Amino acid sequence: MSRLPTGGQVDRAAQVSFKFDGKTYAAYSGDTVASALLANDVRLMGRSFKYHRPRGVFTAGSEEPNALLEIGRGAAQLPNTRATMQEIYNGLEARSQNRWPNLNFDMMSFTDFLAPFLSAGFYYKTFMWPRKFWLKIYEPVIRRAAGLGRISGKADTAKYDKAWLHCDLLVIGSGPAGLMAALSAGKAGAKVVLAEEDFLAGGRLNGENLTISGQRGADWAAETVKKLRAMENVIVMTRTAITGAYDGGTYGALQRVSDHVAQAGAAPQQIFWRIVAKQAILAAGAHERPIAFPNNDRPGIMLASAVRTYLHRFGVAAGARVTVFSNNDEGIQTARDLLAAGVEVAALIDTRKDITPEIDCPVLTGSKVIGTKGYLGLKSVSVQRQDGSVTQISTDCLAVAGGWNPSVHLSSHMGRKPVWRDDILAFVPDKNAVPNMHYAGATTGEFSTRAALNSGLEAARAALLALGLSSKRVTLPKVEEAAFDNLAPMQIEGKSRAWLDFQNDVTVKDIKLAHRENFRSVEHMKRYTTLGMATDQGKTSNMGALAVMAELTGQSIPETGTTMFRPPFSPVQMGALAGRNTGKHFLPERRLTSDKFSREMGADWMEAGLWLRPGWFKREGETRWRQSCDREVRMVRNAVGICDVTSLGKIDVQGPDAVAFLNLLYVNKMSTLKIGKVRYGAMLREDGLVMDDGTVARLGETHYLITTTTGAAGQVMAHMEFCSQCLWSELDVHFVSVTEQWAQFAVAGPKSRELLNGLLDTPIDNDVMPYMSCGDAGLGGVAARLFRISFSGEHAYEIAVPAGYGAALMAVLVKAAEAMDGGAYGLEALSVLRIEKGFLTHAEIDGRMTADDLGLGRMVAAKDCIGREMSERVGLVQERQQLVGLKPIGTVKQIVQGAVMVDVGAAPVADNLLGHVSSTCFSPTLEHCLALGFVKNGRARMGDQVRAVDLTQGIDTLCEITSPVFFDPDGGRLRG
Amino acid sequence: MRISCPHCGERDLREYTYLGSAKLLDRPDGDAGAEAFYDYVYIRENPSGENAELWQHSSGCSAWLHVVRNVSTHEILSVKLASEAKA
Ligand SMILES: [Zn+2]
């Protein structure tokens, strides 16, 4: 066991068991999967992305590139989970990834021997020929060989939420700087949110052995968090990663609410927060730099800071015989900490010549690691000493300390790159990168704990000043620690590959190749080699690669530049971004008041915008939808049909200037419309093309009700609001959508009046209610509105009642219709009825048509209205494709919607295009297929033959051009 | 991005719908002619900086707003009701 007898912040009283690759292990509450595996002497945790190299845990935090595991089983199986971030729980199941058949013996590791062929850009070069091999052979093979974890392929059953949080100050990171800032701002009364990605607040204080105000650093952190939690104005959010910084002080945050328990219970699995903060303090700390040396990727090689974290926080020795390799004082500290805990230190290897550390282990100064051995786990390292001699040191863990990179990521999310600091040889945030963001702690390049505490206080003071709050006195705690000097990132030459990006398997050689092939700008280098493009965004690798490229080009690192960091800072599951908006909850569903009644009648449903509308009502003996549809059409033509048309937009317009307003909206003249009359109208966009059509009913002196198509209701409403507020705010007119307040039903067919007269309190006749009239009506005492309008070409009405009566009225109407050989009809029959009559929908009004194209040219009145001027421009008046009817006259009887129109002898190519088919149906009335479509100069070509060609299905139909009104062209049935 | 609606207060971008340049407020008279309308409908400045725009608080009070925004930084410099913004 590598668990030390004492120490760490794990709960030794709470033992749990978990499985890794099927084998059961013991751990303590407070462990991560990574610390638990190390405690059980498991060093090999995965295989690398491209070369299938055996890999172990490399860090102890969010930046982990190697130890990615599949957690859980079944639908909830979660791939690519960082073992360093996954808390242990009893019964947890983890599996290694990207290996077959198992982790110790991975057949795919032959890719490692192919490495010379798999260098940077290999897919662009190697798999080009023959071309047809790419889709069927190369890509599938590469995809299988290279990769990360697998998703379950089943629907995720976990619950996710999205939520908002507003605060005065968001503190990002709970290390010494973040804690100090939150404490200071909390005492000053600011509403503070302290977000910490880890499940334990404290940052590096948990991973180091240092003393603050006479206390262990970790204890000071715990005590400070306790104080913060006791403040009503402070929210401490652990397990919460700030994933992005956006405009207006908005931050994305992923809270892993239930990832650390076996069953989420009532709580969601994760919550994606949008935090709006007036001020923010980035105290995200720093990531330790690795050193690139030959074969530096073996299990057992890890960052020195991780070795200290496993030691101090988890009470785990990362190895039985640890070697430390460093270019700075962190190496000495690491060796001292290990020795103090009773762990054997094989050697301290330091690249510096002029140091003489007092330490009780072999010290090799002026030395460097030039190679390692041990396929499935580190066995020994080769060290080149100052005098050039090479020593082998047997060891199972190498702690590498290469200096620190400030965690600048969030500061560049709004487009600013970090700036170089020559004195610490590192990038730090541009202070103006994110409005109202302050920076504290190691993020600023101040690596000492004392500086962190102090800069936390100062950042809080600046934020409080901006908030208009006065700072309360907070004493700076005393810290005992050694000084620290950051040195340049380094890499060591050798014959074997030296890894930079562990997750994407990018080596120093790949960078050299990119340089040789002239991909020298950092952005090109990144994309060519894929360095930094894995899920860890190169947190441990970018700096090393920049240093290599800088050396090759002879430029400095700041001259070489740095790539841009973009959200998210750490991976976010798609489920969390979707929240509850999945499946049926992706969009709201709008249901008619007659929904239940129609369901009971066995309706089949269709979506019309957000609305669910009955498509047809199947009756006994009907097996195909066409049978139902044809019957419903005949029913309307011969008797009477009932259709819920509530989903059409209804806008109530009132005010002394209502008519002036409508005159400006519609191409027609609305000022001549009399009370009790209805007029069909069309609206244009300002560019002269038709926006929508519908009816305008004048209900009173200054009271109008207009209808829109179902799909354009929202667009028309916004357009009217624009016209009223932005163009003609002097007009005294008010309007409101009443679509959902009134349930409206079409009663259509020769027997429609007979049906209504059986229900209305006062019967109607053709004088009281002629075609295109409207008026109030009573239905057993319920106030209704009656409109004599028709979308079927039959003698028809639409009757509207307050929505609460909708379901009851539908039932009454359908019962009455059925007694007269009629019944309910759905959207399919409605569509056939309107095509037979050449009436328009958005299949025709498709945003490219003028009023004249649609045959509405005569409606355009000589007056100003939206779009009139532009509708007369040259391109919109000549050689236009005009609405026509199409009738099949050859052997092919079917016309396909979307087919292109060409002349009889012409090839169906773009140059010969005459137009297209917009709507088709089988007409049970005329007993053949018919279609509406557009043909160039079509109105002048009545009787001509053209072809409707559907190239995708190979259907070529000889058609005759006809009037778009196929049925009852003089409209006698409408008026009867 | 956050925009302060004069009716509702500061709200997130998601509550608003963008239309385009505030030039749309200055519709020519109906008889101004083709040139004037062509300019009104199609011709736009493309500044890399401050831009006057129209936004609707579509998931709020439905007010159309005249918003001056720096399109490079997304800083909102001023917000007023479109009905009050016309000169
Ligand atoms: Zn508002």
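Below, each value reflects all heavy atoms present in this structure, side chains not excepted, and no hydrogens, waters or symmetry copies. From a predicted model like this one, the values you see are computed outputs, not experimental measurements. Here is how names work: the chains are called A, B, and so on, in the same order as the sequence lines, proteins then strands, and each is numbered from 1.
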Heavy-atom side-chain contact between [X] and [Y] under 4.5 Å:
{"X": "Arg873(A)", "Y": "Phe37(B)", "answer": "no"}
{"X": "Thr250(A)", "Y": "Arg2(B)", "answer": "yes"}
{"X": "Met870(A)", "Y": "Tyr42(B)", "answer": "yes"}
{"X": "Arg27(B)", "Y": "Asp864(A)", "answer": "yes"}

CG-SG distance between Leu24(B) and Cys726(A), expressed to the nearest 0.5 angstrom: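 The CG atom of Leu24(B) sits 8.0 Å away from the SG atom of Cys726(A).
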
Value rounded to 0.5 Å, distance of CD in Glu721(A) from CH2 in Trp64(B): 8.5 Å

Part of Ser62(B) lying under 4.5 Å from any heavy atom of chain A: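 Backbone plus side chain of Ser62(B), per the 4.5 Å heavy-atom cut-off to chain A.
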
Around atom [atom1] of [X], are there more than 12 heavy atoms from other residues, nucleotides or ligands closer than 6.0 Å?
{"X": "Lys669(A)", "atom1": "NZ", "result": "no"}
{"X": "His166(A)", "atom1": "NE2", "result": "yes"}
{"X": "Glu730(A)", "atom1": "CD", "result": "yes"}
{"X": "Tyr40(B)", "atom1": "OH", "result": "yes"}

Closest non-hydrogen atom pair between Gly30(B) and Arg868(A), with its separation: O-NH2, 4.0 Å

Shortest non-hydrogen contact between Leu727(A) and Leu25(B), atoms and distance: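 Heavy-atom minimum between the residues: CD2-O, 4.1 Å.
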
Within residues 43-51 of chain B, residues adjacent to chain A where the heavy-atom gap is under 4.5 Å: none

Sorted by number, residues from residues 65-76 of chain B in contact with chain A (heavy atoms, under 4.5 Å):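 Near chain A, by residue number: Thr73(B), His74(B).
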
Interface residue of largest heavy-atom contact number with chain A, from Ala82(B), Ala63(B), Ala36(B), under 4.5 Å: Ala63(B)

Let me know if [X] has heavy atoms under 4.5 Å from chain B in its side chain, its backbone, both or neither.
{"X": "Glu869(A)", "answer": "side chain"}
{"X": "Phe722(A)", "answer": "both"}
{"X": "Ile866(A)", "answer": "both"}

salt_bridge(Asp31(B), Lys863(A)) N-O dist < 4.0 Å: no

Main-chain N/O of Ser83(B) paired with Gln725(A) side-chain donor or acceptor, under 3.5 Å: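 Not a single qualifying donor-acceptor pair exists.
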
